[in-house]
Protein chains: 2
Amino acid sequence: MQKFKNIGLKLTPQRLAILGFLEGNPDHPSAEDIYKAVSVQFPTMSLATVYNTLDALREKGYIIELTIDPAKKRFDPFTKMHHHLICTSCKRVKDIHADFMLDIPEQVRGDFRITGNHIEFYGVCPVCGNGHERRI
Amino acid sequence: MQKFKNIGLKLTPQRLAILGFLEGNPDHPSAEDIYKAVSVQFPTMSLATVYNTLDALREKGYIIELTIDPAKKRFDPFTKMHHHLICTSCKRVKDIHADFMLDIPEQVRGDFRITGNHIEFYGVCPVCGNGHERRI
DNA sequence: TTCTTGACAAGAATTATTATTATGTGATAA
DNA sequence: TTATCACATAATAATAATTCTTGTCAAGAA
């Protein structure tokens, strides 16, 4: 909560609502998701404000922008290094907090200086693959 | 080339041109990129045709759609399992053909059935990080 | 004053629509 | 067997429509 003030962002009800919705949220919501959720309390809220706030938060490093969805951006309040497990059927995304040692062989890496990585795991979630294992 | 016929797709000059442009192309072009390139030979080509063809090829498994770019979709003719190294400065993407053993601990994976993974490595390419290492 | 909001316009990427055109296929003729 | 033709079907191109995101700017709050 204090976050905002300390980093040069004014504390507004809209921003608090957005931050509140994001904090601890493991659902990787899109801007639209956030807009819908927050609109309940703030019916006058503008979608542009959501984008503005998300962008401000991202710049300050309080959220990260995920590219796991080809259709839209998704946002994640967990900025600590982690990975994602995506259900290829229902598209649900689960956080994976685990470390992997990944060394790219030098001849493959070339002269790149590696700074990080992000793993997308694909799979079928319990709901979609409940025992029956129906293949298409 | 025969591919198309055998999988129930009609062979058209436009599709051949798109396939030809993609084959062996390591640049992960967007639909727009492909459109521009192929338009040289086929000035009447429509962007919708590019999207149609890409979608048909993807459905048949001849290309994969990448989500590494938040702004647009990118396409890759290399359907074999591989990963990507992205320059955080110039956004250039390099293929990484290497295998990594990635086992998610069972308590983290839950009841998901893992089917695959894709790693995005981030780094600074030789061009962007040429000795001087200028940080912003 | 300075920053933020909200309304709306604008832009970019993608998808949908539809009349027109080209392709593959099967039948027929050589 | 090979070539030709007609036709059903699928693909193209033009354009409209949608969706997601960003930009603009006047009005309001800090």
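Below, read A as the first sequence line, B as the second, and so on, with proteins coming before strands; counting in each chain starts at 1.
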From CA spacing to verdict: ring-ring contact (aromatic ring centres under 6.0 Å, His included), His97(A), His83(A) = CA-CA 6 Å; His97(A) 294 282; His83(A) 309 288; 9.1 Å; no
request  = Starting at atom CG of Asp55(B), determine the distance to atom C1' of dA16(C), rounded to an integer number of angstrom.
outcome  = 13 Å
note = The single option from His82(B), His118(B), Met81(B), Lys80(B) that satisfies side-chain contact (heavy atoms from CB on, under 4.5 Å) with Ile64(B) is His82(B)
message = Starting the side chain at C-beta, find the nucleotide from dC20(D), dC8(C), dA14(D) nearest to Lys72(A).
response = dC20(D)
task = Take the protein atom OH of Tyr51(B) and the nucleotide atom P of dT17(C), then report the distance between them rounded to whole Å.
result = 17 Å
ask   = Can you tell me if the side-chain N/O atoms of Lys73(A) get under 4.0 Å from OP1 or OP2 in dT22(D)?
value = yes
task = For Ile7(B) and dA10(D), give me the distance from atom CD1 to atom P, rounded to whole Å.
result = 15 Å
note = Comparing nearest nucleotides in DNA chain C, the 5'-proximal residue of the pair Pro13(A), Arg74(B) is Pro13(A)
query = Quick one: is Thr44(A) getting a side-chain N or O under 4.0 Å of the dG6(C) phosphate, OP1 or OP2?
reply = yes
key: Residue met sooner reading DNA chain D from 5', once Ser30(A) and Thr53(B) are mapped to nucleotides   = Thr53(B)
task = Measure the acute angle between the ring planes of Phe121(A) and Phe100(A), then classify it against the limits of 30° and 60° as parallel, tilted or perpendicular.
result = tilted
key: Interatomic distance where CE belongs to Met45(B) and C1' belongs to dA22(C) [whole Å]   = 14 Å
note = Per atom distances to the Leu11(B) side chain, the nearest of dT4(C), dG24(C), dG6(C) is dG24(C)
inquiry  = In whole Å, I'd like the distance from the CG atom of Leu47(B) to the C1' atom of dA16(D).
reply    = 14 Å
request  = Starting from C1' on dT4(C), measure out to CG on Leu19(A) and report it in whole angstrom.
outcome  = 16 Å
ask   = Nearest-Å distance, CD1 (Ile18(B)) to C1' (dA11(D))?
value = 11 Å
note = Which of dT5(C), dG23(D), dA11(D) is nearest the side chain of Arg15(B)? It is dA11(D)
task = Kindly determine whether Glu65(B) and Ile63(B) satisfy side-chain contact (heavy atoms from CB on, under 4.5 Å), including the steps that lead there.
result = CA-CA 7 Å; Glu65(B) 183 185 304; Ile63(B) 62 175; over 6 Å; no
ask   = If you look at every strand shown and take non-hydrogen atoms under 4.0 Å, does Ala56(B) touch a base, only sugar-phosphate, or nothing?
value = nothing
task = Would you indicate, yes or no, if dA7(C) has its OP1 or OP2 atom less than 4.0 angstrom from a side-chain nitrogen or oxygen of Ser46(A)?
result = no
request  = May I ask you to evaluate whether Thr12(B) reaches the phosphate of dT12(D), defined as a side-chain N or O under 4.0 Å from OP1 or OP2?
outcome  = yes
key: Asn52(B) CG - dT9(D) C1' separation (whole Å)   = 15 Å
query = OP1 or OP2 of dA13(D) sitting under 4.0 Å from any side-chain N/O of Gln14(B)?
reply = yes
inquiry  = Does this structure show an ion pair linking Arg58(B) with Asp55(B), if we count only N-O contacts that are shorter than 4.0 Å?
reply    = yes
message = I'd like to know if Lys10(B) reaches the base of dT9(D) with its side chain such that a donor and an acceptor end up less than 3.5 angstrom apart.
response = yes
